[in-house]
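Data first, discussion second: the structure below is written as structure tokens.
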Number of protein chains: 2
Amino acid sequence: MNNTPVTLKFLAEKLKMSVSTVSKALNNYPTINEYTKQRVQEMARDLHFTPNKSAINLKEKKSHIIGIILPNLLDHYFTRSIYGVEQFATQNGYNVIISQSHDDLKKEIQSANMLLRSRVDGLIVAISKHTQDFSHLDQFENMGTPVVYYARNPSFNLSCHKVLGNTFQGCYQATKFLIDRGHKKIAYLGGPKMINFTHDRFNGYINALNDNQVPFSSELVAYTDFDKENTISAIKNLFANPENMPTALVAFKEPIMFDAMKYLKSINHPDFDKIEYVGFGNTSFISYLDSPPIASIEENPESVGENAIKLLIQLINKEIDLHDYQKLMVDCKLIVHG
Amino acid sequence: MNNTPVTLKFLAEKLKMSVSTVSKALNNYPTINEYTKQRVQEMARDLHFTPNKSAINLKEKKSHIIGIILPNLLDHYFTRSIYGVEQFATQNGYNVIISQSHDDLKKEIQSANMLLRSRVDGLIVAISKHTQDFSHLDQFENMGTPVVYYARNPSFNLSCHKVLGNTFQGCYQATKFLIDRGHKKIAYLGGPKMINFTHDRFNGYINALNDNQVPFSSELVAYTDFDKENTISAIKNLFANPENMPTALVAFKEPIMFDAMKYLKSINHPDFDKIEYVGFGNTSFISYLDSPPIASIEENPESVGENAIKLLIQLINKEIDLHDYQKLMVDCKLIVHG
DNA sequence: ACAATTATTTCAAACGTTTGAAATGTTGTT
DNA sequence: AACAACATTTCAAACGTTTGAAATAATTGT
């Protein structure tokens with residue numbers, strides 16, 4: 001409809017005043033006459049004036065945009081974490097651009113470069129599985145743009161800000177819970193070995209065993225790369241020795257736990273009903289299962305996201321020095337079902 | 001580290017040439033000497049020059065950004081749809097800003113305004129449950145920015161571009177499937193009445209009944225607002241009359257179907273095992289249920305997203321006239337389990 | 001040696017906004 | 001009437017880029 005875009009200049013011409021008066025009127029400068037402000041604001045409303053963010057960003061050298069790079073949006077962990085980020089970001093006048101890497105390093109680099117060009121004021125990133133070189137992310141700090149690593153631990157990157165789930169504590173607590181329920185043979189089904197969390201959780205598991213004088217057996221530990229076949233073969237190994245049958249299982253992630261449960265049920269494992277399961281995730285679906293796990297480890301992703309954005313905004317506001325690297329751990333909570 | 005930002009001007013000074021030469025060299029203008037181009041590009045690489053998108057946008061009056069407004073990211077329908085959008089958008093040089101409305105009209109308006117300020121080149125929107133007035137979205141078209149409504153039907157808005165799931169066809173197919181399996185008493189559990197799809201699906205249901213000479217009974221239709229209590233009371237109504245017991249059920253959405261199934265099982269409904277269920281969604285979780293539904297209606301959200309972005313880009317490129325309103329329907333697919 | 005031609009570079013304005021400094025307008029005081 | 005004191009508005013530069021027109025440099029033909 002409207003051909004001439006409504007700019008300050010356009011308003012100024014209509015009102016027969018200078019561009020700067022219009023600008024200052026809209027920004028409520030005290031030096032501008034009240035009546036003038038009224039006229040300007042009214043005209044701006046009537047003509048649907050919308051300030052051009054590109055122009056403002058250029059002038060202010062600030063984009064009011066926070067970038068998020070994460071592996072994908074199908075994982076509820078990440079979408080829940082965004083909830084925490086978005087809420088706090090919006091409250092503080094920031095918009096959020098989300099970019100999925102699909103766990104592909106190339107896409108992560110692409111996303112990083114596009115966010116760099118967009119001059120985001122800060123970046124929150126959950127790195128891809130394959131990120132070992134950080135140069136595409138270091139660019140931000142080199143330009144003075146703060147970066148907070150979250151959800152996934154960039155262990156190859158020593159000096160950086162991190163907000164992570166306290167996965168050690170989560171797994172410790174779950175294992176302890178099972179020990180307290182009398183289990184002596186607790187299996188640990190880990191995720192891919194290349195993910196740090198796999199080891200952190202294993203450490204939680206083994207520390208809980210040690211602290212409570214439960215003997216460790218390597219036969220009770222197996223790993224899967226999340227692939228269903230792979231999970232089943234891991235489970236087969238865990239339940240291979242009749243002398244050393246697990247009575248409980250701690251799983252890296254609920255989906256693989258469900259695969260494990262389904263498999264054990266399908267082969268009519270004699271002790272299926274007696275085995276107690278705990279996994280990371282706290283999926284809402286659990287309530288629909290006929291034999292639900294005894295407990296879940298809630299990772300509080302919203303809180304991880306919220307802590308990440310809070311830290312990032314402090315860094316942007318220079319309340320914390322860019323190189324005073326922070327590390328935050330967000331505790332997990334054991335949810336006992338039923 | 002770097003205080004002076006690396007701009008074209010900075011490069012130009014370093015290289016002792018004019019800003020325009022540098023700009024043209026980087027953009028590979030044919031009038032620029034090959035050797036000059038080399039020198040410029042090398043210097044740009046060495047100093048990590050990153051063009052400032054705000055400046056470019058301002059100059060070009062194009063943001064290369066597509067905005068998406070949707071209710072939330074916890075619903076897999078939407079995250080799957082984003083997958084389709086993102087892929088095609090990136091291929092065509094567009095970035096995507098996603099904004100959640102949380103089904104709150106106020107937040108939707110906020111999101112719209114922020115995307116308007118960002119001068120997105122196009123908008124894809126799944127409206128909130130409460131959107132009846134479209135002025136916040138009409139602003140885009142008034143500025144010449146195309147809008148594609150998708151996933152949720154803006155039935156109060158007559159002239160607009162739409163890409164929707166063919167929910168009528170999906171429900172028809174599911175009902176027909178159950179009829180073909182011999183069912184005569186098929187219940188329909190609908191969603192909130194204020195959602196259009198509830199009625200479209202009901203129409204699919206009833207048309208399938210009529211086309212196949214299965215008598216309709218209003219006792220076999222109930223609605224829920226997705227709340228668990230509400231779903232249970234709907235189910236109680238459906239199964240209230242012993243003379244008119246459903247033997248199959250078509251549900252608006254799998255989660256409410258699971259609630260229904262859980263309830264029926266919990267009261268030990270005598271025919272629980274015989275009842276056959278079909279719902280919209282095709283959740284991956286189904287495989288973990290002990291008594292899974294017989295089939296699911298796959299809504300192909302990726303395809304809905306892909307069609308939306310394709311249409312939007314055609315509109316942006318003016319291959320389709322802004323006011324030549326398009327309506328696309330993406331068919332559902334019945335997935336029979338087991 | 002000097003136009004004519006072609007290759008290459010630079011100028012300058014523009015995009016829409018912000019903002020300190022300068023200019024102008026209005027009162028009040030003497 | 002002169003002018004200080006304040007209120008209000010305007011000027012002008014800047015942010016980083018693009019781009020057609022103008023300027024300059026290099027090459028060619030005669």
Side-chain angles (χ1 to χ4, degrees), chain A residues 2-41 43-44 47-65 93 116-121 143-145, chain B residues 2-41 43-44 47-65 116-121 143-144:
Chain A
N2 232 335
N3 319 39
T4 25
V6 183
T7 64
L8 291 185
K9 197 175 152 202
F10 184 77
L11 291 180
E13 278 162 11
K14 282 263 171 201
L15 290 158
K16 297 190 191 315
M17 44 176 89
S18 77
V19 172
S20 34
T21 308
V22 176
S23 169
K24 287 175 177 169
L26 290 172
N27 289 306
N28 208 27
Y29 267 52
T31 68
I32 302 293
N33 181 286
E34 273 310 318
Y35 176 58
T36 309
K37 282 187 195 171
Q38 270 186 32
R39 284 178 58 217
V40 172
Q41 278 158 9
M43 179 69 73
L47 299 183
H48 300 107
F49 169 73
T50 313
N52 184 317
K53 255 191 120 236
S54 293
I56 297 177
N57 294 347
L58 181 59
K59 191 81 232 295
E60 295 196 340
K61 294 159 167 287
K62 202 167 183 322
S63 64
H64 305 276
I65 295 177
L116 201 66
R117 277 194 294 277
S118 297
R119 295 289 191 277
V120 293
D121 294 337
M143 287 184 67
T145 305
Chain B
N2 233 336
N3 320 39
T4 26
V6 182
T7 63
L8 289 185
K9 195 175 156 202
F10 184 78
L11 291 181
E13 279 162 11
K14 282 262 172 200
L15 290 158
K16 298 192 192 314
M17 44 176 89
S18 77
V19 172
S20 33
T21 308
V22 175
S23 170
K24 287 174 177 172
L26 289 172
N27 289 307
N28 209 28
Y29 267 54
T31 68
I32 302 293
N33 181 283
E34 274 309 318
Y35 176 60
T36 310
K37 281 186 193 171
Q38 270 188 32
R39 285 177 57 217
V40 172
Q41 278 159 9
M43 179 69 71
L47 299 183
H48 300 109
F49 169 73
T50 313
N52 184 316
K53 254 190 121 236
S54 292
I56 297 176
N57 295 347
L58 181 58
K59 192 79 232 297
E60 295 196 338
K61 296 161 167 285
K62 199 166 187 325
S63 64
H64 304 275
I65 295 176
L116 201 66
R117 278 194 294 277
S118 297
R119 295 289 190 276
V120 292
D121 293 337
M143 289 184 65

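Numbers restart at 1 for each chain; the letters A, B, ... are given by sequence-line order, proteins then strands. Every value quoted in this text rests on a predicted model; they were computed, and no experiment measured them.
The stretch residues 19-28 of chain B touches DNA chain C through B:Ser20, B:Thr21, B:Lys24, each having a heavy atom under 4.0 angstrom from the strand. Of the residues in residues 49-62 of chain B, those lying under 4.0 Å from DNA chain C by heavy-atom distance are B:Leu58, B:Lys59, B:Lys61.
Axis deviation across the helix from C:dA1-D:dT30 to C:dT30-D:dA1 amounts to 70°, comparing end segments of five pairs, rounded to 10 degrees.
B:Glu60 meets the side chain to side chain donor-acceptor pair (under 3.5 Å) test with B:His64; sequence neighbours excluded. Residues satisfying the side chain to side chain contact (heavy atoms under 4.5 Å, CB included) test with A:Ser54, not counting sequence neighbours, are A:Asn52, B:Asn57, B:Leu58. Applying the side chain to side chain donor-acceptor pair (under 3.5 Å) criterion to A:Lys9, with sequence neighbours excluded, gives no partner residue. Applying the side chain to side chain contact (heavy atoms under 4.5 Å, CB included) test to A:Arg39 and every residue at least two apart in sequence or in another chain returns A:Leu15, A:Met17, A:Tyr35. Listed by chain and residue number, B:Asp121 satisfy the salt bridge (Lys or Arg N to Asp or Glu O under 4.0 Å) test with B:Lys62 (two or more places apart in sequence, or in another chain).
Note that the CD1 atom of A:Ile32 and the CD atom of A:Gln38 stand 14.0 Å from one another [nearest 0.5 Å].
Contact record, B:Leu8 with B:Phe49: CD2-CZ, 3.6 Å, taken as the closest heavy-atom pair. Across all non-hydrogen atoms, the minimal contact from A:Pro5 to B:Lys61 is CG-NZ, 4.3 Å. Nearest heavy atoms, A:Phe10 versus A:Leu47: CE2-CD1, 3.8 Å. Scanning all heavy atoms of the two residues, the minimum distance from A:Ser63 to A:Ser118 falls at CB-O, 3.8 Å.
A straight line from OH of A:Tyr35 to C1' of D:dA7 spans 17 Å, rounded to a whole angstrom. Across the protein-nucleic acid pair, A:Glu34 atom CD and D:dA7 atom P stand 13 Å apart, rounded to whole Å.
Between A:Ile32 and A:Arg119, it is A:Ile32 whose nearest contact on DNA chain D lies nearer the 5' terminus.
Contact footprint of chain B on DNA chain C: nucleotides with an atom under 4.0 Å from a non-hydrogen protein atom, first to last in 5' to 3' order, C:dT8 to C:dG16.
Side-chain atoms of A:Thr145 and A:Arg119, non-hydrogen and from C-beta on, never get closer than 4.5 Å to each other.
Every pair passing side chain to side chain donor-acceptor pair (under 3.5 Å) that includes a residue from residues 16-26 of chain A is listed here, sequence neighbours excluded: A:Ser18-A:Ser20, A:Ser18-A:Thr21. Sorted pairs that involve residues 47-59 of chain B and meet salt bridge (charged side-chain N to carboxylate O under 4.0 Å, His left out), not counting sequence neighbours, are lacking altogether.
Nucleic acid contact for A:Thr7: sugar-phosphate only, since backbone atoms but no base atoms lie under 4.0 Å from a heavy atom of the residue.
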